Protein chains: 2
Amino acid sequence: MREKELRRSMSVLPIGTVMKLTDLTARQIRYYEQQDLIKPVRNEGNRRMYSLNDVDRLLEIKDYLDDGLNISGIKEVYKKQEQLEDERKKNLQKGLTDSDVRKILQDEFMNIGGLKPPSSTFDNPNNFHKFNE
Amino acid sequence: MREKELRRSMSVLPIGTVMKLTDLTARQIRYYEQQDLIKPVRNEGNRRMYSLNDVDRLLEIKDYLDDGLNISGIKEVYKKQEQLEDERKKNLQKGLTDSDVRKILQDEFMNIGGLKPPSSTFDNPNNFHKFNE
DNA sequence: AAAATGATGTCATAAAATATAACATTTGGG
DNA sequence: CCCAAATGTTATATTTTATGACATCATTTT
């Protein structure tokens, strides 16, 4: 559903609406922007316009702050997240899926000591491979 | 997905945004409201606030006008639509589905002249019943 | 403890967006 | 040609937002 994503990223909400949806003050919202946590677009009249994704992120920021993180911490969280997404993109470009990558990591494990793959409980909940031992 | 509906009906868009999304002028949007085709809510400051459903309806209105309908015609269309929805609700309350209702109508037909159900071409495209005559 | 810093509040000022109402224009049908 | 429907235009008042400065409060740092 590509259309949904598009709509979630359309900047159509004025700051007043965002204040209500997030229960944040304009001061807070602008401050988080100043700290590069969000980047609302500006309309022709220089008013900030927000997307639903922006609203989600602001709600996230609120949660992180409630959890005791400070702005710097939140910034780090998003930096890591971006790195992760970049890696995923790179692999996708190479035609690899997440599960492909998992297999590769497993193979690397195998070659370390000539061992079998670890097959975590998560990947193989019922340990079926054990019947082949 | 009940949440989706809720979000589509949240009045969060100022008229400026709606203008861009629909390519209508403020004058037109307010005029259609005056004609009871839409009913945006007002915020504390008396500004009209629109939902995504409102935007959809405005786009519909645009299409109808392009098709040569006038405001009165469009009003009729929406009146009929409401009537239909009301009927559906009533039947749903009685625990009847659409196909139940169709059966009931067929039965009524039968009793008119002690005849078999009509089985319209739509319901029986190949007229299979004819082989039983 | 004092000072510094981070996060937010508050206030003043300017600009942009919207509401309302009145009058003007356009367009299609009788 | 005239009328009415749909829309444009303009003026005025109010609301909303942007920006920047200064204030406050809590937490760290020194």
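Each chain gets a letter, A, B and so on, in the order its sequence line appears, and its residues count up from 1. Computed from a predicted model, the values in this text were never measured in an experiment.
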Atom of B:Q35, atom of B:K75 and distance for their closest heavy-atom approach: O-CE, 3.5 Å

Once you round to the nearest 0.5 Å, how far does CG of B:L58 lie from CG of B:L24? 6.0 Å

Side-chain N or O of A:Y31 less than 4.0 angstrom from OP1 or OP2 on C:dT8? no

Taking for each residue the nucleotide of DNA chain C bearing the nearest heavy atom, is the 5' side occupied by A:N70 or by B:T17? A:N70

Contact class for A:T25 vs. all strands (heavy atom < 4.0 Å): base, sugar-phosphate, or nothing? sugar-phosphate

Counting side-chain heavy atoms from C-beta on, which of C:dT8, D:dT17, D:dT19 comes nearest to A:L65? C:dT8

Atom-pair distance (CD on A:Q35; P on C:dT5), nearest Å: 14 Å

Want to settle it: does B:Y32 or A:G16 sit nearer the 5' end of DNA chain D, counting the closest nucleotide to each? B:Y32

According to a strict under-4.0 Å criterion, is A:R30 in side-chain N/O contact with OP1 or OP2 of D:dA18? yes

Check whether NZ of the Lys or CZ of the Arg B:R57 lies under 6.0 Å from the centre of the six-membered ring of B:Y78 and within 45 degrees of that ring's axis. yes

Evaluate salt bridge (Lys or Arg N to Asp or Glu O under 4.0 Å) for A:E82 paired with A:K79, printing each intermediate quantity in order. CA-CA 5 Å; A:E82 275 179 42; A:K79 194 182 292 178; over 6 Å; no

Closer than 4.0 Å, any side-chain N/O of B:N46 to the OP1 or OP2 of C:dT20? yes

Mind calculating the distance between CG (B:D66) and P (C:dG28) to the nearest angstrom? 13 Å

Under 3.5 Å, is there a donor-acceptor pair between the A:R42 and A:N46 side chains? yes

Please tell me which of A:M49 and A:R27 maps to the more 5' nucleotide of DNA chain D, matching each residue to the nucleotide holding its nearest heavy atom. A:M49

Let me know the distance between CD of A:E44 and P of C:dA16, rounded to the nearest Å. 11 Å

Once hydrogens and angles are ignored, does a donor-acceptor distance under 3.5 Å link the base of D:dT14 to the side chain of B:R47? yes

Under-4.0 Å side-chain N/O to phosphate OP1/OP2 contact, A:N43 with C:dA17: yes

Between B:E85 and B:K80, is the salt bridge (Lys or Arg N to Asp or Glu O under 4.0 Å) condition met? List the steps. CA-CA 9 Å; B:E85 280 159 10; B:K80 290 294 174 199; over 6 Å; no

Hey, what bend do you get for the helix from C:dA1-D:dT30 to C:dG30-D:dC1 if you fit axes on five pairs at each end, rounded to 10°? 20°

Measure CG/A:D67 against P/C:dA7 and give the value in whole Å, please. 15 Å

So B:R30 and B:R48, side-chain contact (heavy atoms from CB on, under 4.5 Å) or not? Walk me through it. CA-CA 9 Å; B:R30 297 196 196 106; B:R48 293 170 177 85; 3.5 Å; yes

Starting at atom CD1 of A:I29, determine the distance to atom P of D:dT16, rounded to an integer number of angstrom. 15 Å

Show your reasoning for whether side-chain contact (heavy atoms from CB on, under 4.5 Å) applies to A:Y31 and A:I71. CA-CA 10 Å; A:Y31 181 66; A:I71 303 280; 4.2 Å; yes

Rounded to whole Å, please give me the gap between CZ in B:R48 and C1' in D:dT14. 14 Å

In whole angstrom, give the distance that lies between atom NZ of A:K20 and atom P of D:dT17. 8 Å

Rounded interatomic separation in angstrom, taking CD from A:Q34 and C1' from C:dG6: 12 Å

Of the candidates C:dG9, D:dT16, C:dT20, the side chain of A:Q28 sits closest to C:dG9

